[in-house]
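Quick caveat, the model's predicted, so the values are computed rather than measured. In the text below, chain A, chain B and the rest are named by the order of the sequence lines, each starting its count at 1.
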Number of protein chains: 2
Amino acid sequence: MTTAAPTGSSRDLPHPHRGEIRLEAVLHALSDPLRLQVVRELAADGGELSCSHFDLPVTKSTTTHHFRVLREAGVIRQIYRGTAKMNGLRRDDLDDLFPGLLDSVLAAAARQAARLGNR
Amino acid sequence: MTTAAPTGSSRDLPHPHRGEIRLEAVLHALSDPLRLQVVRELAADGGELSCSHFDLPVTKSTTTHHFRVLREAGVIRQIYRGTAKMNGLRRDDLDDLFPGLLDSVLAAAARQAARLGNR
DNA sequence: CAACTCGTACGATAGACATCGTAGTACGGG
DNA sequence: CCCGTACTACGATGTCTATCGTACGAGTTG
């Protein structure tokens, strides 16, 4: 299935180059509750998750929109793998540009979730 | 008589209680370039600065707006001192709620400023 | 090929936000 | 007591954003 090629998908998605990632855009991307939740799950998983894995309380159109915001801000990397689109955190790039930032935000999110009664 | 009250000012500004500060609101407040710049200057100073100390490329109305966003997000504390309004970072509260977050953001901002040619 | 799944594109809409200008309020000093 | 300084309040405006619905495109599989 799909031979052994690296998912020779022809559909490519535009990602900002590492040097183009702006702190303000990253913070803005993370300031939305749904997007922050997505990032938390991606971080917890550590690997790649398909868009459909997330059960967000919005329509698919809106989900697409949020994933694009995350991708264009440089927070996640998206690649097509067959019919699914896989999402992964750009940990390497973010840690290189802003050391400790992602971990602090994730820790803060976890802390707040615990404080407010995580469910 | 406010006896030994600190600057017995009668004008009080509404601040969120420590437990009401939301991570998303903080991130959103910091995602604006002007507000991030203000926070950086406040952090660098360490103390309190008046609104008029900042030379932002916007009108005073807009400046007022940005300071209110920062205050309502719980990032800064504002108090009237005579005719001036002094602004200070809520380091204690932020560090307690989200340890390391503020420092990471400040470090990231400094890093990006250096990378993009700070002037 | 046809059907199905996954996700996109586009258009619409309501709300939020950054910005301004003008008019007004609070304080302190001459 | 009047004026200047510092900041606010309000209204207007253009832009951005989150959301939806419907129609479509790309892959996989029967």
Could you check if a side-chain atom of A/Asp32 sits within less than 4.5 angstrom of a side-chain atom of A/His66, using non-hydrogen atoms only? yes
Heavy atoms, side chains only, cut-off 4.5 Å: are A/Leu101 and A/Leu94 in contact? no
Run the side chain to side chain contact (heavy atoms under 4.5 Å, CB included) test on B/Val75 and B/Arg90 for me, step by step, so that the C-alpha distance in whole Å, both residues' side-chain angles and the decisive distance to 0.1 Å come before the verdict. CA-CA 6 Å; B/Val75 177; B/Arg90 292 182 68 171; over 6 Å; no
Holding to side chain to side chain donor-acceptor pair (under 3.5 Å), I want the full list of residues that pass it with B/Gln78, two or more places apart in sequence or in another chain. B/Arg71, B/Asn87
As a test of reading the structure: which of [options] is closest to the side chain of [X], going by heavy atoms?
X       : options               : answer
A/Cys51 : C/dG7, D/dC7, D/dT28  : C/dG7
A/Leu34 : D/dA9, D/dT19, D/dC7  : D/dT19
A/Thr83 : C/dT5, C/dA18, D/dT19 : C/dT5
A/Ser50 : D/dC7, C/dA9, C/dG7   : C/dG7
B/Val58 : C/dG7, D/dC7, C/dC20  : C/dC20

Distance check, rounded to the nearest 0.5 Å: A/Glu72 atom CD versus A/Leu13 atom CG? 10.0 Å
From B/Leu30 CG over to A/Glu24 CD, what is the distance, rounded to the nearest 0.5 angstrom? 10.0 Å
Nucleotide-resolved protein contact map, nucleotides 11-17 of chain C, B/S/- at heavy-atom distance under 4.0 Å: ------S
Only Watson-Crick and G-U wobble pairs with both distances less than 3.5 Å should count. Give DNA chain C in dot-bracket notation, marking inter-strand partners with |. ||||||||||||||||||||||||||||||
May I ask you to decide if [Y]'s main-chain N or O and [X]'s side chain share a donor-acceptor pair within less than 3.5 Å?
X        : Y       : result
A/Glu20  : A/His17 : yes
A/Gln112 : B/Leu23 : yes
B/Thr64  : B/Lys60 : yes

Does B/Thr62 put a side-chain nitrogen or oxygen below 4.0 Å from OP1 or OP2 of C/dC20? yes
For atom [atom1] of [X] and atom [atom2] of [N], their distance in whole Å:
X       : N      : atom1 : atom2 : result
A/Glu48 : C/dC6  : CD    : C1'   : 16 Å
B/Arg68 : D/dC10 : CZ    : C1'   : 10 Å
B/Leu56 : C/dC20 : CG    : P     : 11 Å
A/Arg81 : C/dG7  : CZ    : C1'   : 16 Å
A/His66 : D/dC20 : NE2   : C1'   : 12 Å
B/His53 : D/dC7  : NE2   : C1'   : 17 Å
B/Tyr80 : D/dT5  : OH    : C1'   : 13 Å
B/Phe67 : C/dT19 : CZ    : P     : 13 Å

Hey, does B/Ser52 reach any base, or is it just sugar-phosphate, or nothing, if we go heavy atoms under 4.0 Å? sugar-phosphate
Ignoring hydrogens and angles, does a donor from either the side chain of B/Ser61 or the base of C/dG21 sit under 3.5 Å from an acceptor on the other? yes
Look at B/Asp93 together with B/Arg77 and state whether they make a salt bridge at an N to O cut-off of under 4.0 Å. yes
